[in-house]
Colleague: 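The following block contains the structure, expressed as structure tokens.
Quantities reported herein were computed from a predicted structural model and do not represent experimental measurements. Order of the sequence lines fixes the chain letters, A, B, ..., with proteins taken first and strands second; residue numbering starts at 1 for each chain.
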Number of protein chains: 2
Amino acid sequence: MRSSTLSKATMGRLPLYLQFIRTVQTENVSSATVARALGLGEVQVRKDLASICPAGMPKIGYPTERLREDLEAVLGMKQTIPAVVVGAGKLGRALMAYDGFREYGLEIAAAFDTRVTDSSHERKPILPMEEMTGWCREHEVHIGILTVPAGAAQEAADQMVNSGITAILSFVSVPIRVPDTVTVKHENIALSLACLKIVAGMSNETTEEDSHGSEDL
Amino acid sequence: MRSSTLSKATMGRLPLYLQFIRTVQTENVSSATVARALGLGEVQVRKDLASICPAGMPKIGYPTERLREDLEAVLGMKQTIPAVVVGAGKLGRALMAYDGFREYGLEIAAAFDTRVTDSSHERKPILPMEEMTGWCREHEVHIGILTVPAGAAQEAADQMVNSGITAILSFVSVPIRVPDTVTVKHENIALSLACLKIVAGMSNETTEEDSHGSEDL
DNA sequence: TAGATTGTTAATCGATTAACAATC
DNA sequence: TAGATTGTTAATCGATTAACAATC
């Protein structure tokens with residue numbers, strides 16, 4: 001019931017709140033403080049927080065500890081669940097070594113690659129692709145990170161689906177086809193950077209006809 | 001004039017269109033085709049495309065080549081501009097080696113790190129931090145990718161700003177403070193994965209009270 | 001001409017913001 | 001009590017969708 005009142009937009013901001021709340025040292029924190037820190041509207045913050053934490057107190061604010069717990073609960077970070085990396089290239093291995101996942105209730109358990117690579121320097125196993133299905137089913141892994149070359153993406157994705165993975169974070173720049181039951185999120189780094197280039201006004205798109213001077217966004 | 005009619009939402013979809021258009025083999029492409037491929041509304045696609053490409057023809061669609069050119073023009077991909085990586089750890093070096101940036105008119109020119117690292121295996125120079133300001137000013141670099149440890153983020157960001165960088169793509173999970181003239185985009189991979197976990201319904205947030213069965217988003 | 005497709009105007013929807021009531 | 005802060009209701013804003021006119 002409660003979850004149905006959380007809009008998509010609100011949901012997207014919750015991790016942002018959590019990130020900031022974790023840095024707060026005081027016992028209580030007000031919506032104004034959060035808003036200022038994150039550059040959001042005060043009312044928006046209050047509305048968002050009210051939807052997940054009923055412990056806000058007039059004149060005092062939100063108990064930091066309680067707020068953090070509620071955020072973590074809604075975001076499902078109470079328990080750590082395993083994920084696998086598919087494609088143990090440079091990016092794949094960089095992600096394996098990244099320990100920031102744990103803060104968000106996730107842990108890379110293993111990686112898979114078509115070529116048997118030297119994993120002696122890694123703390124986690126890099127296994128041949130053929131073992132993925134068995135391994136994932138055995139360890140009940142349902143989240144995968146896809147970091148293979150574009151040409152191998154579809155085949156790898158198929159194998160992931162076949163291994164019982166239902167959520168894929170893809171770093172591949174080509175779209176992949178999966179059944180409706182599987183969620184794919186594309187993380188296109190080049191694209192993010194390109195957007196930044198545009199927002200920062202570095203593209204050749206700035207026309208001289210716009211006599212307003214530089215637009216403020 | 002034209003650019004002012006592009007909403008933020010539309011702008012965000014343009015790279016998506018470009019990605020797909022580049023895969024199209026036919027001479028012309030209809031909004032219906034694009035919509036189907038990307039899972040968007042037909043009218044939405046038409047409205048978006050109409051705002052950047054005046055060459056749409058009833059009964060025929062959009063000339064693929066022309067559409068691609070217009071998209072690239074608006075997205076500022078005609079010319080390649082340089083970017084630097086700050087923090088030559090695993091992720092930083094993985095990004096250096098990634099050649100997908102070029103497709104979006106960007107090129108990693110060099111990396112900087114506090115520790116002088118072995119860059120003999122790299123095709124691009126990894127230079128000591130002290131040289132960043134001079135190097136960036138000389139090469140007129142205004143875009144930077146931040147991949148340092150959280151503890152070093154603020155200092156590194158300050159140096160980037162000082163080097164004339166006005167757009168930062170940050171992979172650091174802590175917020176950084178920069179002047180208003182600098183744009184920062186946070187790329188929190190762990191967070192993306194966490195969102196996926198939620199969307200895919202793997203968090204412990206699913207309540208038994210929701211008797212609708214699984215929600216379809 | 002007829003039909004398919006584009007482009008635009010109006011209606012709907014969702015999210016943000018403003019105003020204000022509630023409360024410790 | 002007075003004041004600061006929360007929570008909610010109504011108004012505004014922006015984006016999407018629906019209906020339809022324009023056109024090759």
Colleague: What is the distance, rounded to the nearest whole Å, between atom CD of A/Glu42 and atom P of D/dG7?
Modeller: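 Whole-Å distance recorded here is 13 Å.
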Colleague: Which residues pass the side chain to side chain contact (heavy atoms under 4.5 Å, CB included) test with A/Ala150, sequence neighbours left out?
Modeller: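 A/Ala150 satisfies side chain to side chain contact (heavy atoms under 4.5 Å, CB included) with A/Val172, A/Val174 only.
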Colleague: Applying ring pair (Phe, Tyr, Trp, His ring centres under 6.0 Å), which residue pairs with at least one partner in residues 47-98 of chain B are found, sequence neighbours left out?
Modeller: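 Qualifying pairs: B/Tyr98-B/Phe101.
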Colleague: Output a table of nitrogen or oxygen pairs between the protein and nucleotides 19-24 of chain C separated by less than 3.5 Å.
Modeller:
none

Colleague: Distance check needed: C/dA4 C1' versus B/Tyr62 OH, whole Å only.
Modeller: 13 Å
Colleague: Which residue is it: A/Val86, A/Ile108, A/Val84? I am looking for the one with a side chain to side chain contact (heavy atoms under 4.5 Å, CB included) to A/Ile145.
Modeller: A/Ile108
Colleague: Partners of B/Arg13 by side chain to side chain contact (heavy atoms under 4.5 Å, CB included), sequence neighbours excluded?
Modeller: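 For B/Arg13 the side chain to side chain contact (heavy atoms under 4.5 Å, CB included) partners, ignoring immediate neighbours, are B/Ala9, B/Thr10, B/Tyr17, B/Leu40, B/Gln44, B/Asp48.
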Colleague: Suppose we screen for side chain to side chain contact (heavy atoms under 4.5 Å, CB included). Which residues come up paired with B/Glu107, at least two apart in sequence or across chains?
Modeller: B/Thr80, B/Arg102
Colleague: Show the distances under 3.5 angstrom between N or O atoms of the protein and N or O atoms of nucleotides 14-16 of chain C.
Modeller:
from	atom 1	to	atom 2	distance (Å)
C/dT16	OP1	A/Arg13	NH1	2.8
C/dT16	OP2	A/Arg13	NH2	3.1
C/dT16	O5'	A/Gln44	NE2	3.0

Colleague: Do A/Glu42 and A/Ser31 get their side chains close enough for a donor-acceptor pair, meaning under 3.5 Å?
Modeller: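 No - no donor-acceptor pair under 3.5 Å links their side chains.
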Colleague: Can you list the residues that meet the side chain to side chain contact (heavy atoms under 4.5 Å, CB included) rule with A/Asn28, with sequence neighbours excluded?
Modeller: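 Listed in chain order: A/Met57, A/Ile60, A/Pro63.
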Colleague: Whether the side chain of A/Thr64 engages the backbone of A/Val24 through a donor-acceptor N/O pair (distance < 3.5 Å, no angle test) should be reported.
Modeller: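 Not a single qualifying donor-acceptor pair exists.
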Colleague: Which ones in residues 25-40 of chain B lie close to DNA chain C, meaning a heavy atom under 4.0 Å from one of its atoms?
Modeller: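 Within residues 25-40 of chain B, the residues near DNA chain C are B/Ser30, B/Ser31.
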Colleague: Go through the steps for A/Glu65 and A/Arg68 under the test salt bridge (Lys or Arg N to Asp or Glu O under 4.0 Å), then give the verdict.
Modeller: CA-CA 5 Å; A/Glu65 187 74 1; A/Arg68 207 202 69 228; 3.2 Å; yes
Colleague: What residues, two or more places apart in sequence or in another chain, satisfy salt bridge (Lys or Arg N to Asp or Glu O under 4.0 Å) together with B/Glu155?
Modeller: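 Per chain and number, B/Glu155 pairs via salt bridge (Lys or Arg N to Asp or Glu O under 4.0 Å) with no residue.
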Colleague: Between A/His186 and A/Phe171 (side chain of the first, backbone of the second, donor and acceptor by atom type, cut-off under 3.5 Å), is there such a pair?
Modeller: no
Colleague: Could you note down all residue pairs passing salt bridge (Lys or Arg N to Asp or Glu O under 4.0 Å) where residues 18-30 of chain A supplies at least one of them, sequence neighbours left out?
Modeller: A/Arg22-A/Glu72, A/Arg22-A/Glu103
Colleague: Residues in ring pair (Phe, Tyr, Trp, His ring centres under 6.0 Å) with A/Phe112, at least two apart?
Modeller: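 Ring pair (Phe, Tyr, Trp, His ring centres under 6.0 Å) list for A/Phe112, sorted by chain: A/Trp135.
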Colleague: Dot-bracket for DNA chain C, 5' to 3', with Watson-Crick and G-U pairs under 3.5 Å, [ ] for crossing pairs and | for other-strand pairs: what is it?
Modeller: ..||||||||||||||||||||||
